[in-house]
Amino acid sequence: MLDFMWAVAGPTFSRILADAGATVIRVESSIRLDACRTFLPFINNDPGPENSALFNNMNAGKLGITLNPGTPAVLEVAHDLIRWADVVCEAYTPRAMRSWGLDYDNVREINPTVVMLSTCLFGQSGPLANFAGYGNLSGAMAGFYNITGWGDRAPVGPYGAITDYTSPHPALASLLAAVDHQRRTGEGRYIDFSQAEASIHFIAPAMLEYLRPGTVVERRCQDAGVAAHRVQNSPELAVDPQLTYRRHWVEVPHSTHGSTIIEAPRFTMSRSRVWPDVAAPALGEHLYEVLTEHLGYDADRVAELAAAEAFD
């Protein structure tokens, strides 16, 4: 799988596939860091691109390379990666992949059988298609915020970028259906995935209330019969006996820190191993391995591309 994902929603999606044994090549740039490399909390409270606990968690088990999108030579590498991949995924606004000539029309010319998934806040078409942002914005526009909070106060919304955490699972189901079709027929597929639209399913009761009697669901406190109570905070979750018993937290090797703690997969299987072997890659950590072992480049070819500044 070739992973052009970004931030949380996309990498969460591809992390699940890596946990299940997929070879996932994560493409980054050191010139424009993935936002999650800059997010708290940091390992040992030390800010740095290899120290974000969030990034290490979302990208565990992946191979990492860095490419320089500003050089013509990089397209040769990108095209070879597309030929190698059976799945290509990206999480930018629609104009980004088109500007690099890596939109689906061009990708399927390179690899006709490839399955490609594009995931962004509002999909690849329509007036909001190029609206860039995080899951808190699509969560607000999808309706999560107006129904979350106290009735006598302004909406507060659910904690965090809500659609970053609700959308990866339906995206995964869509991809697996396309891969099943690919394996049975040899045909590629393109999936245009809107994080906001997919996440609306998680507030289906509120939607049905509006569609049936026209009732707009408002914020309600416990007095209205809504089951709600104080949730655990991070230190409490770290020592929660149920999560501890289920091995929710695991220690895995890390190329910079020796080892670090990440979340385990949300499920296990009786006959198949679903488990990360390592934390997220350091910037460009597996570049030479990917070029030589997966693309078959020799040392001269790697040196030639390095001289052309294809890597950053």
Crowding at CG, N44 (>12 non-hydrogen neighbours, <6.0 Å): no
Shared hydrophobic cluster for V156 and Y145 (ILVMFWY, side-chain gaps under 4.5 Å): no
Atom CG of D152 with >12 non-hydrogen neighbours under 6.0 angstrom: yes
Donor-acceptor pair, side chain of N51 and main chain of D46, under 3.5 angstrom: yes
Working for side chain to side chain contact (heavy atoms under 4.5 Å, CB included), residues T256 and I43: CA-CA 11 Å; T256 302; I43 298 172; over 6 Å; no
Test log, rule side chain to side chain donor-acceptor pair (under 3.5 Å), inputs T113 and N111: CA-CA 6 Å; T113 66; N111 184 349; 3.1 Å; yes
Side chain proximity check, I25 to W84, heavy atoms < 4.5 angstrom: yes
Separation of N57 CG from W249 CH2 (nearest 0.5 Å): 7.5 Å
Note, H286 side chain near H294 side chain (heavy atom, < 4.5 Å): no
Partner of V115 under side chain to side chain contact (heavy atoms under 4.5 Å, CB included), chosen from R108, Q182, M1: Q182
Exercise: identify the closest heavy-atom pair between A279 and H254: CB-CD2, 3.6 Å
Inter-residue atom distance L17.CG - L172.CG, 0.5 Å rounding: 5.5 Å
Short side-chain to backbone donor-acceptor contact, T119 and G10, under 3.5 Å: no
More than 12 heavy atoms from other groups under 6.0 Å of CD on E109: no
Ring centre gap for F4 and W100 strictly below 6.0 Å: no
Rounded distance (nearest 0.5 Å) linking atom CZ of R32 with atom CG of D312: 13.0 Å
Shortest non-hydrogen contact from T163 toward T166: CA-OG1, 3.3 Å
Worked verdict on T66 versus E28 for side chain to side chain donor-acceptor pair (under 3.5 Å): CA-CA 5 Å; T66 51; E28 296 184 79; over 6 Å; no
Candidate pair H79 and L102, rule side chain to side chain contact (heavy atoms under 4.5 Å, CB included), full reasoning: CA-CA 9 Å; H79 289 182; L102 298 178; 4.1 Å; yes
Side chain to side chain, P94 and S118, heavy atoms closer than 4.5 Å: no
Heavy-atom closest pair, residues T12 and M58: OG1-SD, 2.9 Å
Distance (rounded to the nearest 0.5 Å) between C89 SG and R26 CZ: 11.5 Å
I191 reachable from V114 in the ILVMFWY side-chain graph, under 4.5 Å edges: no
Least distance between heavy atoms, A60 atom then I262 atom: CB-CD1, 3.5 Å
Spatial distance of atom CG (N68) from atom OG (S30) [nearest 0.5 Å]: 8.0 Å
E90 and M116, any side-chain heavy atoms less than 4.5 Å apart: yes
For Y297 against E76, the heavy-atom pair lying closest together: OH-O, 4.0 Å
Chi angles and distances behind the side chain to side chain contact (heavy atoms under 4.5 Å, CB included) call for R98, N106: CA-CA 9 Å; R98 283 199 297 265; N106 286 307; over 6 Å; no
pair M269-R271: side-chain heavy atoms closer than 4.5 Å: no
More than 12 heavy atoms from other groups under 6.0 Å of CZ on R183: no
V24 backbone acceptor or donor facing D3 side chain under 3.5 Å: no
CD/E309: more than 12 non-hydrogen atoms of other groups inside 6.0 Å: no
Y190 and Y104 aromatic ring geometry - parallel, tilted or perpendicular at 30°/60° bounds: parallel
Euclidean distance, D80 CG relative to L2 CG, rounded to 0.5 Å: 11.0 Å
CA sep, side-chain torsions, deciding dist, call: T23, L63, side chain to side chain contact (heavy atoms under 4.5 Å, CB included): CA-CA 8 Å; T23 300; L63 302 175; 4.0 Å; yes
Heavy-atom side-chain proximity of V290 to L81 below 4.5 angstrom: yes
Where A238 and T244 come nearest, the two heavy atoms and their spacing: O-OG1, 4.2 Å
Backbone of R153 reached by a side-chain donor or acceptor of R219 within 3.5 Å: yes
4.5 Å side-chain heavy-atom contact, R15 and P265: yes
Min side-chain heavy-atom separation F55-P49 under 4.5 Å: no
